[in-house]
Amino acid sequence: RRAFENKANLDIIVASVKTSLEKKIGTAQRDIDTLRQDLATSRAETSRLIHLSDSKFALKSHMDDMDAKLEAKAAQINASFDEHLKSVRVDVGKVEASMNKAAQISASFNEQLKSVRVD
C-alpha cells in the first residue's frame with residue numbers, strides 16, 4: 001500500500017513537473033517566435049535603411065554633378081556675356097568716335113557756312 005501511495009505521489013509530482021515544463025516550453029516557444037518576428041522586422045528595416053543610404057548617396061552624387069554642370073554653364077554664360085560686353089563697348093566707342101567726327105564736320109561746315117554768308 002505504501003508503495004502504491006508513493007507511486008501515486010510520484011505520478012502527481014511527475015504530472016506537475018510535466019505540466020510546468022510544458023508551460024515553460026510553450027512560453028519559450030512563444031518567446032522564440034516573437035524573437036524571430038523581431039529579427040525579420042529588424043532585417044527588413046536594415047534593408048530599407050541600406051536602400052535609403054544608397055539612394056541618399058546616389059542623390060548626393062547626382063546633385064554634385066548638377067552643381068558642377070551649373071557652375072560650368074554659369075562660367076560659360078559669364079564669359080560669353082563678358083565678350084558681348086567688350087563688343088558693345090567697342091561699338092559704343094565707335095559710335096562716340098563717329099559722333100565726335102560728325103560734330104567736327106558739323107562745326108567745320110558751320111564755319112564754312114558763316115564764311116559763305118559773309119562773302
Notebook entry, point to check: Do S98 side-chain atoms and K94 backbone N/O form a donor-acceptor pair below 3.5 Å?
Noted result: yes
Notebook entry, point to check: Quick check: does any side chain N or O of S61 sit under 3.5 Å from a backbone N or O of F57, one acting as donor and the other as acceptor?
Noted result: no
Margin query: For H51, is there any backbone N or O sitting under 3.5 Å from a side-chain donor or acceptor partner on S55?
Written below: yes
Margin query: Rounded to the nearest 0.5 Å, what separates atom NZ in K24 from atom CG in D31?
Written below: 13.0 Å
Notebook entry, point to check: In Å and rounded to the nearest 0.5 Å, what is the CD1 to CG distance from I105 to N100?
Noted result: 11.0 Å
Checklist line | Pair K56-L52, side-chain contact (heavy atoms from CB on, under 4.5 Å): steps then yes or no | finding: CA-CA 6 Å; K56 180 182 174 186; L52 286 176; over 6 Å; no
Notebook entry, point to check: For the side chain of T46 and the backbone of S42, is there at least one donor-acceptor N/O pair under 3.5 Å apart?
Noted result: yes
Check: From T34 OG1 over to Q29 CD, what is the distance, rounded to the nearest 0.5 angstrom?
Finding: 10.0 Å
Next item on the list: Begin with the C-alpha distance, continue with both residues' side-chain angles, and end with the deciding distance and a verdict on salt bridge (Lys or Arg N to Asp or Glu O under 4.0 Å) for K69 and D65.
Entry: CA-CA 6 Å; K69 288 177 183 176; D65 289 347; over 6 Å; no
Checklist line | CD1 on I77 to CG on D82, rounded to 0.5 Å | finding: 12.0 Å
Next item on the list: Take D64 and K60 through the salt bridge (Lys or Arg N to Asp or Glu O under 4.0 Å) test and state the conclusion after the steps.
Entry: CA-CA 6 Å; D64 289 346; K60 182 176 181 340; 3.1 Å; yes
Margin query: Can you confirm whether R48 sits close enough to E45 that some side-chain heavy atom of one is under 4.5 Å from a side-chain heavy atom of the other?
Written below: yes
Check: Atom NZ in K73, atom CD in Q76: separation rounded to 0.5 Å?
Finding: 4.5 Å
Notebook entry, point to check: Judged by modelled atom types alone, do R30 and T27 share a side-chain donor-acceptor pair under 3.5 Å?
Noted result: yes
Checklist line | Atom pair CD1/CG of I13 and N6 - distance to nearest 0.5 Å | finding: 9.5 Å
Note to self: Testing R36, R43, Q37 one by one against L39 for a side chain to side chain contact (heavy atoms under 4.5 Å, CB included), which residue passes?
What the structure shows: R43
